[in-house]
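Position 1 is the first residue of the sequence; numbering continues from there. Every number for a ligand or one of its atoms is a count from 1 in the order of the listing.
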Amino acid sequence: MNKKSNTIILAIETSCDETAISIIEATDQGPEVRAHVVHSQIDLHKEYGGVFPSLAKREHGKNLPPVLIEALEQAGLFNTQAHAPVPEEIQAVMTKNPDLVESFSASIPTISRPSIDYIAVTRGPGLEPALWAGITFAEALGALWNIPVIPVNHMEGHIASVLLGKTEAQNPKSETLNPKIEFPMLAFLISGGHTELIRATDWGSYTILGQTLDDAIGEAFDKTARLLGLPYPGGPAISELARKHRETHAESTRFSLPRPMLHSEDLNFSFSGLKTAVRYALEKEQDITPEIQATMALEFEDAVTEVCTNKLRKALTEYPADTCILAGGVSANTHLRETLGAMVASEFPQTTFIVPEMHLSTDNATMIGLAAYQSIIDGREKTVPSGMKASGTLRLDEQV
Ligand code: KG4
Ligand code: ZN
């Protein structure tokens with residue numbers, strides 16, 4: 001048995017509005033998910049129509065310890081001990097988050113140290129106050145239990161989410177467990193904060209080929225949903241309306257939105273004009289009826305899909321790849337994953353197209369644990385003794 005086998009990683013993700021903790025075990029068969037807990041704050045943020053950073057930080061502070069307990073229970077690693085006070089130097093790590101100090105002090109000292117080898121935590125990109133909550137929690141736990149902490153780039157986490165993904169190209173039923181990622185690889189990352197085409201020659205070696213010049217795709221979904229009077233986050237709402245409408249009204253022509261940068265020479269994107277076009281079109285309507293919501297949702301999804309299909313085709317033509325990965329929250333969109341998957345299968349048969357399992361598309365800690373797992377397997381894991389800093393704008397081509 002190789003020495004990396006049965007290494008156990010506790011992964012923490014708090015870059016936005018999900019407080020998530022997973023436990024991954026490295027087995028001889030590949031990564032195994034021992035626990036997967038995602039506590040969503042969506043209901044709290046809904047009334048602001050988006051994520052409110054200081055509220056997210058407070059909620060993460062309150063929720064991280066109970067979410068940890070749930071994850072340890074799922075993994076069968078939860079055992080109690082007599083309460084011992086948290087040493088002052090460990091409390092000091094968390095002073096900027098009083099909610100975290102309080103919930104940490106109330107519950108963590110009663111948990112006996114689980115057999116965990118590494119703690120992985122998202123260092124960025126994301127909302128800084130939210131990221132800090134996860135980082136200080138990871139450092140405090142690491143100090144208390146004497147476990148090394150590995151910083152993870154959230155976007156590398158989205159890429160690694162496909163390690164438990166699905167190969168769509170040939171037979172969707174085959175290779176669902178631990179698909180093989182061959183390099184060079186092209187990753188199309190589409191989320192609430194990012195729209196990026198990434199080329200990788202290996203794990204950890206990334207070049208950004210193109211990205212959005214303004215809004216991210218997920219942001220465009222969310223803003224369009226808001227204009228249509230649909231709840232936050234808008235992606236799932238638009239996706240559902242468009243799906244139903246597509247089944248019955250395949251050729252919908254009431255609205256006609258632009259396809260921004262469809263034929264631009266580069267691999268960049270721009271989505272803010274699309275949202276403005278939606279606003280202008282809706283201003284001409286007296287009422288936002290369910291029919292208008294559905295027609296616009298369909299036209300919007302079509303516009304985004306057409307742009308994404310063209311850009312991915314251009315990227316794969318210019319940078320042939322053995323594996324193409326579609327990941328990030330917006331990859332939960334069925335129409336997009338099917339359209340892009342079909343395009344790659346028919347036009348780039350030598351490229352294997354891989355998407356994450358649906359529940360690993362949107363933010364979660366399993367993907368953070370998988371990125372850390374891969375770095376440990378490759379022997380390039382980086383541990384930080386203490387003093388890790390959140391980076392809201394951390395790029396994939398930067399050192400994490
Ligand atoms: O990756 P993610 O969970 O968070 C960030 O890292 O940003 O992505 C969240 C984004 C949101 O904008 C949400 O509306 C979008 O993913 N999203 C979707 C779908 N599910 C989530 N967009 C389109 N269709 C979906 N089914
Ligand atoms: Zn994300």
Any idea which heavy atoms bring Glu139 and Met388 closest together, and the distance? OE2-N, 2.9 Å

Ignoring hydrogens and angles, state whether a donor on the side chain of [X] or [Y] is under 3.5 Å from an acceptor on the partner side chain.
{"X": "Asp378", "Y": "Gln374", "value": "yes"}
{"X": "Thr122", "Y": "Glu13", "value": "yes"}
{"X": "Arg337", "Y": "Ser361", "value": "yes"}

Tell me whether Val33 shares a hydrophobic cluster with Val37, the cluster being built from Ile, Leu, Val, Met, Phe, Trp, Tyr side chains joined at under 4.5 Å. no

Who's closest to [atom] heavy-atom-wise, of [options]?
{"atom": "atom 2 (P) of ligand 1", "options": "Val330, Asp363, Thr224", "result": "Asp363"}
{"atom": "atom 19 (C) of ligand 1", "options": "Pro236, Gly50, Gly193, Pro125", "result": "Pro236"}
{"atom": "atom 23 (C) of ligand 1", "options": "Ser161, Gly235, Ala327", "result": "Gly235"}

Atom name, His158 (N, O or S, nearest to the Zn ion (ligand 2)): NE2

Please tell me whether Phe188 and Tyr319 form a close aromatic pair, meaning their ring centres lie under 6.0 Å apart. no

May I ask you to check whether His194 and His154 place their ring centres under 6.0 Å from each other? no

Starting from [atom], what is the nearest protein heavy atom, named by residue and atom, and what distance separates them?
{"atom": "atom 14 (O) of ligand 1", "value": "Asp222 OD1, 2.7 Å"}
{"atom": "atom 17 (N) of ligand 1", "value": "Gly329 O, 3.6 Å"}
{"atom": "atom 26 (N) of ligand 1", "value": "Ser239 OG, 3.4 Å"}
{"atom": "atom 9 (C) of ligand 1", "value": "Gly192 N, 3.7 Å"}

Report, in ascending order of atom number, the atoms of ligand 1 lying under 4.0 Å from any heavy atom of [X].
{"X": "His158", "answer": "1 (O), 6 (O)"}
{"X": "Thr362", "answer": "3 (O), 21 (C)"}
{"X": "Gly218", "answer": "12 (O)"}

Is the closest heavy-atom distance from His154 to ligand 1 below 4.0 Å?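 His154: in contact with ligand 1 (<4.0 Å).
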
At a 4.0 Å cut-off, with the gap strictly under it, does some heavy atom of Glu18 reach an atom of ligand 1?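 For ligand 1, residue contact (heavy atoms, under 4.0 Å) with Glu18 is absent.
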
Flag the pair Leu163 / Pro179 as yes when at least one side-chain heavy-atom distance between them is below 4.5 Å, and no otherwise.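 Leu163 vs Pro179: side chains apart.
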
Okay, side chain of Ser331, backbone of Gly328: is any donor-acceptor separation there less than 3.5 Å?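 Yes; at least one donor-acceptor contact below 3.5 Å.
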
Using the Zn ion (ligand 2) as the vertex, how large is the angle between OD1 of Asp363 and NE2 of His154, rounded to 10 degrees? 90°

When you compare ligand 1 with Asn333, is there at least one nitrogen or oxygen pair between them that comes in under 3.5 angstrom?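 Such a contact does occur with ligand 1.
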
Close N or O approach (Pro233, ligand 1; < 3.5 Å):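 N/O-N/O distance under 3.5 Å: no.
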
